[in-house]
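Every heavy atom of this structure was used, including side-chain atoms; hydrogens, water molecules and symmetry mates were not.
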Amino acid sequence: MKVTTPAPRDRWQEVLARSDTALPEHDPGWTDALCATGRYADASRHYVVDGGDEVVLPLVVRRGPAGFGGWAETFPAAWGIGGPVGSGISPEMAALIIRDLRAMRYQRIGIRPNPLDGAAWGAAAAAEGVLTVPRRAHVLDLSFGLDAVWAGLNKTGRRNIRLARRAGVHIEVGRGGQLLQEYYRLFLASVDRWAANQNEPRALARARATRRDPVGKLRRMGAHLGDGFRVVLAYVDGTPVAGTIALYGRTGHGTRSAMDSGLIGRSHAAELAYWRAIEMACDAGCPTFHMGESGRSAALAQAKEKFGARPYDYAELRIERLPWTQTDAALRAGLKRVIGFRDD
């Protein structure tokens, strides 16, 4: 297997163009947005195996005291789903990539693969003895067109979208970072609601959220992805009450939804905003629309399955020289016990 790093951009774009499952985050512009933060460097890898098959692994490395020799990830927390992109990831290819990454001898390497490749990565992780973190995501099949997607919605989903339209809910779409300021107000209102539901101090919840997703980070995403980064806002009586950020490339990906529960009332504006994001994915010819992580939340699963999405169980892989994952999990669990956090 021949490896080139960083991955040549012309080969990266060629591999991307041949893939029907590549996520918008696989675009090199996403890695550029990450590196523009100043905390990461491009460590992407271009693989060519016997027979000529090509795979690109987007990868960024963070060096310095926090990494003690370097942490490499695809991608860091709150930066989306990464993993390799190619014409199809087999267990054998996944195992080759794991062995290559192990040879880099970073303190920690995290791989969060496309959920649709979950079976291949699960088999490779078991064969190579790699630590895994169970995850669940929902993906909506768009391959049969918008009418089929509409028919796949359950009765509640179709009814709520019709009710939102009758109520006069207005939808606006911002591209490349437009409407982010309005969205961010809804995001902070959602953080406050989540904090109350989880018994988390509001100040702590806001500090975590704004550190994880500062508005400047979202603006960089929009600047680097351009038209592929869209903010969908739903308005009631001229006021934004719900919204979502959706990414578009070879496939679609709804990444962040937010609403102001004090303003949204019974308008069902959130469902209409999300439906508009799905419509745009169909218009762009995307075969799938990823709805993001659901974990074990029954409420999240129900909200996504209302649109006809299917759950996919997969695993995030961790290659570590020290027990970083176990230590982090123990510290988080201890803090949650101290504040009485309800992890639903």
Side-chain angles (χ1 to χ4, degrees), residues 19-26 80-81 83 88 112-120 122 134-167 169-171 173 186 190 228-234 241-259 264 266-315 344:
S19 173
D20 291 328
T21 60
L23 288 152
E25 295 98 313
H26 282 118
I81 299 172
R112 189 176 169 195
N114 190 328
L116 299 181
D117 294 329
R135 293 196 176 276
R136 172 175 290 175
H138 276 73
V139 182
L140 178 62
D141 184 0
L142 308 181
S143 59
F144 295 100
L146 186 62
D147 290 342
V149 177
W150 176 259
L153 269 66
N154 65 21
K155 291 181 180 179
T156 301
R158 290 195 296 269
R159 182 198 65 193
N160 289 351
I161 291 170
R162 292 189 184 111
L163 287 173
R165 287 170 171 162
R166 289 172 193 163
V169 175
H170 173 65
I171 300 293
V173 179
L186 295 173
S190 291
F229 181 98
R230 301 181 194 177
V231 179
V232 186
L233 291 184
V241 300
T244 192
I245 293 177
L247 311 175
Y248 299 89
R250 298 291 293 171
T251 60
H253 188 182
T255 65
R256 291 160 172 83
S257 293
M259 68 178 180
I264 198 169
R266 299 175 63 84
S267 66
H268 301 292
E271 284 115 316
L272 185 59
Y274 210 85
W275 176 247
R276 180 68 187 115
I278 293 170
E279 284 183 319
M280 289 190 291
C282 288
D283 292 342
C286 298
T288 54
F289 188 80
H290 289 250
M291 291 190 172
E293 292 292 315
S294 309
R296 301 298 166 182
S297 169
L300 272 177
Q302 183 179 21
K304 295 173 183 180
E305 289 167 11
K306 181 192 306 178
F307 288 93
R310 290 179 50 202
Y312 286 82
D313 291 320
Y314 72 108
D344 296 329

Atom CZ of R310: over 12 foreign heavy atoms under 6.0 Å: no
Atom of A22, atom of R250 and distance for their closest heavy-atom approach: O-CB, 3.6 Å
Gap between atom NE2 of H26 and atom OG1 of T251 - 0.5 Å precision: 8.5 Å
Separation of L146 CG from M280 CE (nearest 0.5 Å): 12.0 Å
Main-chain N/O of P287 paired to D20 side chain as donor or acceptor, under 3.5 Å: no
NE2 on H253 to CD1 on I81, rounded to 0.5 Å: 4.5 Å
Min side-chain heavy-atom separation H268-V169 under 4.5 Å: no
Pair E279, W275: side-chain N/O donor-acceptor within cut-off below 3.5 Å: yes
Gap between atom CG of D141 and atom SG of C286 - 0.5 Å precision: 12.0 Å
Other residues, nucleotides, ligands: >12 heavy atoms within 6.0 Å of D283 CG: yes
Atom of I264, atom of A270 and distance for their closest heavy-atom approach: CD1-N, 3.7 Å
Closest contact, heavy atoms only, A269 versus V241: CB-CG2, 3.6 Å
Distance-minimising heavy-atom pair for F289 and A281: CD1-CB, 3.6 Å
Nearest heavy atoms of Y248 and A277, plus distance in Å: OH-O, 2.7 Å
Derivation and outcome, side-chain contact (heavy atoms from CB on, under 4.5 Å), residues V232 and I171: CA-CA 7 Å; V232 186; I171 300 293; 3.8 Å; yes
For the student: nearest non-hydrogen atoms of I161 and F307, plus distance: CD1-CE2, 4.3 Å
Test side-chain contact (heavy atoms from CB on, under 4.5 Å) applied to H290 and L116, step by step: CA-CA 10 Å; H290 289 250; L116 299 181; 4.2 Å; yes
Euclidean distance, R276 CZ relative to T244 OG1, rounded to 0.5 Å: 13.0 Å
Residues forming a salt bridge (Lys or Arg N to Asp or Glu O under 4.0 Å) with R135, sequence neighbours excluded: E293, E316
N/O donor-acceptor pair under 3.5 Å between R256 side chain and I245 backbone: no
Spacing of K306 atom NZ and H138 atom NE2 [to the nearest 0.5 Å]: 12.5 Å
